[in-house]
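Accompanying notes for the structure given below.
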Amino acid sequence: MTPAPPDPRVAEALAVFRRGAVDLIEPSELEARLVASRDARRPLRVKFGMDPTSPDLHLGHAVQLLKLRAIQELGHRIVLIVGDATAMIGDPSGRNKLRPPLSRAAIDANLATYVEQAGRVLDMSSTEVRRNSEWFDRMRFEDVLKLLGRATVARMLERDTFEKRMAEGEPIGVHELLYPLMQGWDSVMVEADLELGGTDQLFNLLRGRDLQVQEGQAPQVCFTMPLVNGADGRKMSKSYGNAIGLTEPPFEMFQKLVRTVPDTALADWFTLLTQVPEGEVRALLAGDHRAAALRLAGEITGFFHGAQAAREAREEYERRARGAGPGDVEERPWPPEFAGQSMPLANLLAALGIVSSTSDARRRVQAKSIRLDGAVVEDALIPVSQARLPMVVATSKTKFVRIV
RNA sequence: GGGGAGAUUCCGGAGCGGCCAAACGGGCCAGACUGUAAAUCUGGUGGCUCAGCCUUCGGCGGUUCGAAUCCGCCUCUCCCCA
């Protein structure tokens, strides 16, 4: 047998897969698949699961989506699995509790949102979307037992999260043990060549390999991407409130990026969320980290909103940094129930929801953090009449609202 | 089925019947410093017509001049044994 001739395109493709990846099982298999794909002119089927219970996507998801996009550009096919059947269990990764089953309508709505948002990264028109209820709903009890027989309890319990929960005396639902098997079964049903997931997914991904082998298929290549952390150091997640959403307006996105990225994560974020070449990243990091953070924010904001919007976001950001006040700020109309009247500032701010209560307004004034058209407010009760509008209220150095 | 523990302000968690709007920590919000980052430091964090007043300590009653603190019932959690 002669070894396959070195193919620069295969090597290039391998590099695309590898950039930023944590686990790759097995590299040799991936290479073999790439070669076979090239020879047979058959795109690889790359499986990726989405959770139909929480459709709002953030940069953590973008890491995976960007990788999928890159793979798409290599000519391979993305198979998006909608876990509507598995959603009834809830992925036991993480310490979450049982989830209430979703209605079909809710899943449809979530899926639509997901597709819209993922479409900002992926080419959805060439993405194959499959719901796993397609096969799970057809299973008879006998089939379920057969699937269950494919794994041992000990094997399932190896899983870190289960181990931890056992140790801590936390309950583990018997059906939760089924989750990895279901995910694995999806791989069998769509004949996946590869599966991508977050590092927390490795266990589940590997179950796909086991099941495929047992079903006479070639085992899928599994590879994982890192989870990114939010500003608080915890895994980026909507529920932690530390997520940067894909749909956020340019300025918000830019600002959060600059503020969120710890210096230590700069390199990773460049690798995972931008196309900036490794060499250039190294050069950036050798210089001013602040400049690097701005560049990062510009790259990512530019990807989602276009170069023009990214440039404007950066200008706005720098304008505010100089303390020059905002360009565009949110506007709030004078409360209609007080039309034509004059009212104490504290009450006005509370009525507009700019502060949470008049007491809150008083405290902020005491702390000298409220400014009216640039001037620090000394008295929370100064009367403000509608006649002097518009005016700009600042509740901090960077937060402004224009009352009109 | 049996036995125990507990429900306090966003969270955790203190709280001799009066000095408790309630310690302390976390979170959050301002401010200082900075790179509008991280770290650190300071102040704030129920409401109001605000040097005072009002409403909070699972729910409903009761005792008392006075209760988050004592009593009764109710609801709900958690743990242990079987």
Side-chain angles (χ1 to χ4, degrees), chain A residues 59 95 97-98 165 167-171 228-244 248-270 273 284-301 312-329 338 341-372 374-384 393-401:
Chain A
L59 288 183
R95 69 276 142 243
K97 306 202 162 140
L98 293 190
R165 279 161 72 181
E168 289 170 4
E170 294 283 317
V228 299
N229 291 332
D232 54 5
R234 293 187 293 177
K235 171 180 156 186
M236 186 175 283
S237 158
K238 192 102 181 171
S239 52
Y240 291 156
N242 62 358
I244 301 176
E248 299 204 29
F251 176 73
E252 303 298 319
M253 184 178 272
F254 189 95
Q255 181 183 48
K256 284 190 186 178
L257 277 162
V258 176
R259 309 225 285 211
T260 299
V261 189
D263 283 3
T264 50
L266 274 170
D268 286 344
W269 284 41
F270 269 112
L273 292 163
L284 275 165
L285 293 178
D288 180 14
H289 280 194
R290 179 163 187 271
L294 288 170
R295 170 73 187 279
L296 176 76
E299 289 285 338
I300 296 174
T301 306
E312 285 167 12
R314 178 167 180 155
E315 282 163 15
E316 173 72 12
Y317 180 87
E318 290 179 334
R319 178 160 50 237
R320 293 199 195 188
R322 286 194 304 270
D328 296 319
V329 285
F338 297 101
Q341 298 176 39
S342 167
M343 59 198 296
L345 179 66
N347 296 271
L348 175 63
L349 299 185
L352 291 172
I354 292 170
V355 298
S356 60
S357 66
T358 59
S359 299
D360 187 27
R362 286 168 189 264
R363 282 183 220 110
R364 287 169 183 273
V365 165
Q366 196 144 25
K368 301 209 183 302
S369 61
I370 303 257
R371 279 168 297 148
L372 221 49
V376 173
V377 175
E378 301 288 346
D379 176 7
L381 300 179
I382 51 166
V384 180
V393 179
T395 49
S396 79
K397 288 164 75 173
T398 55
K399 291 181 196 158
F400 304 87
V401 176

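Chain A is the first sequence line, chain B the second, and so forth, proteins listed ahead of strands; every chain is numbered from 1.
- Atoms CG and CG, from A:Asp268 and A:Leu273 in turn, are 9.5 Å apart once rounded to the nearest 0.5 Å.
- B:rU56 and B:rG47 are spaced 15 Å apart, taking the P atom of each and rounding to whole Å.
- Counting only residues at least two apart or in different chains, salt bridge (Lys or Arg N to Asp or Glu O under 4.0 Å) contacts with residues 345-362 of chain A comprise A:Asp360-A:Arg363, A:Asp360-A:Arg364.
- Atom CG of A:Leu296 is separated from atom C1' of B:rA37 by 12 Å (rounded to the nearest Å).
- The side chain of A:Arg363 approaches B:rG44 more closely than any other nucleotide in the set B:rU36, B:rC50, B:rG44.
- To the nearest angstrom, P of B:rU49 lies 13 Å from CG of A:Asp379.
- If you measure from atom CG of A:Leu266 to atom P of B:rA38, you get 13 Å, rounded to the nearest angstrom.
- Put simply, the side chain of A:Leu266 does not reach to within 4.5 Å of the side chain of A:Leu284, judged on heavy atoms.
- What separates CE of A:Met343 from P of B:rC48 is a distance of 12 Å, to the nearest Å.
- Side chains of A:Leu372 and A:Val393 form a contact here, defined as non-hydrogen atoms less than 4.5 Å apart.
- Taking atom CG of A:Leu257 as the reference point, atom P of B:rG35 lies 20 Å away to the nearest angstrom.
- Rounded to a whole angstrom, the distance from the P atom of B:rC20 to that of B:rA68 is 13 Å.
- Between A:Asn347 and the phosphate of B:rC48, there is no side-chain N or O to OP1/OP2 separation shorter than 4.0 Å.
- RNA chain B is contacted by both A:Asp360 and A:Arg290; A:Arg290 maps to the nucleotide lying nearer its 5′ end (nearest heavy atom per residue).
- In this model, the phosphate group of B:rU49 is approached by a side-chain N or O of A:Thr358 to a distance below 4.0 Å at OP1 or OP2.
- The residue among A:His289 and A:Leu381 whose nearest nucleotide of RNA chain B is located toward the 5' end is A:His289.
- Comparing B:rA82 with B:rG17, their C1' atoms are spaced 42 Å from each other, to the whole Å.
- Here, B:rU45 and B:rC79 have their P atoms 36 Å apart, quoted to the whole Å.
- Between the CZ atom of A:Phe251 and the P atom of B:rU36 there is a distance of 12 Å, rounded to whole Å.
- Partners of A:Arg314 under the side chain to side chain donor-acceptor pair (under 3.5 Å) rule, at least two apart in sequence or in another chain, are A:Glu318.
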Please write out each protein N/O paired with an N/O of nucleotides 30-33 of chain B under 3.5 Å, distance rounded to 0.1 Å.
unit_1: B:rA30; atom_1: OP1; unit_2: A:Lys399; atom_2: NZ; d: 2.5
unit_1: B:rA30; atom_1: O2'; unit_2: A:Ser369; atom_2: OG; d: 3.4
unit_1: B:rG31; atom_1: OP1; unit_2: A:Lys397; atom_2: N; d: 3.1
unit_1: B:rA32; atom_1: OP2; unit_2: A:Lys397; atom_2: NZ; d: 3.4

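- As rounded to whole Å, 21 Å separates atom P of B:rG43 from atom CD1 of A:Ile370.
- Using atom C1' as the reference point in both B:rC24 and B:rA14, the two lie 7 Å apart (nearest Å).
- For the side-chain contact (heavy atoms from CB on, under 4.5 Å) test with A:Thr358, the passing option among A:Leu348, A:Leu381, A:Asn347 is A:Asn347; the others fail.
- For RNA chain B, runs of at least 3 consecutive pairs of the Watson-Crick or G-U wobble type, with both hydrogen-bonding distances under 3.5 angstrom, map to B:1-7 with B:75-81, B:10-12 with B:24-26, B:27-32 with B:40-45, B:46-48 with B:52-54, B:58-62 with B:70-74.
- The separation of B:rG46 from B:rC81, taken at their C1' atoms, amounts to 43 Å, rounded to a whole angstrom.
- Taking 4.5 Å as the limit, every side-chain heavy atom of A:Leu349 sits out of range of all side-chain heavy atoms of A:Thr395.
- One P atom belongs to B:rG44, the other to B:rU77, and the distance between them is 39 Å to the nearest Å.
- Look at the P atom in both B:rC71 and B:rA22: the space between them is 26 Å, to the nearest Å.
- For A:Lys368, the side chain to side chain donor-acceptor pair (under 3.5 Å) partners two or more places apart in sequence, or in a different chain, are A:Glu378.
- In this structure the side chain of A:Val258 reaches within 4.5 angstrom of the side chain of A:Leu294, judged on heavy atoms.
- Residues forming a side chain to side chain donor-acceptor pair (under 3.5 Å) with A:Glu248 (at least two apart in sequence, or on another chain): A:Lys256.
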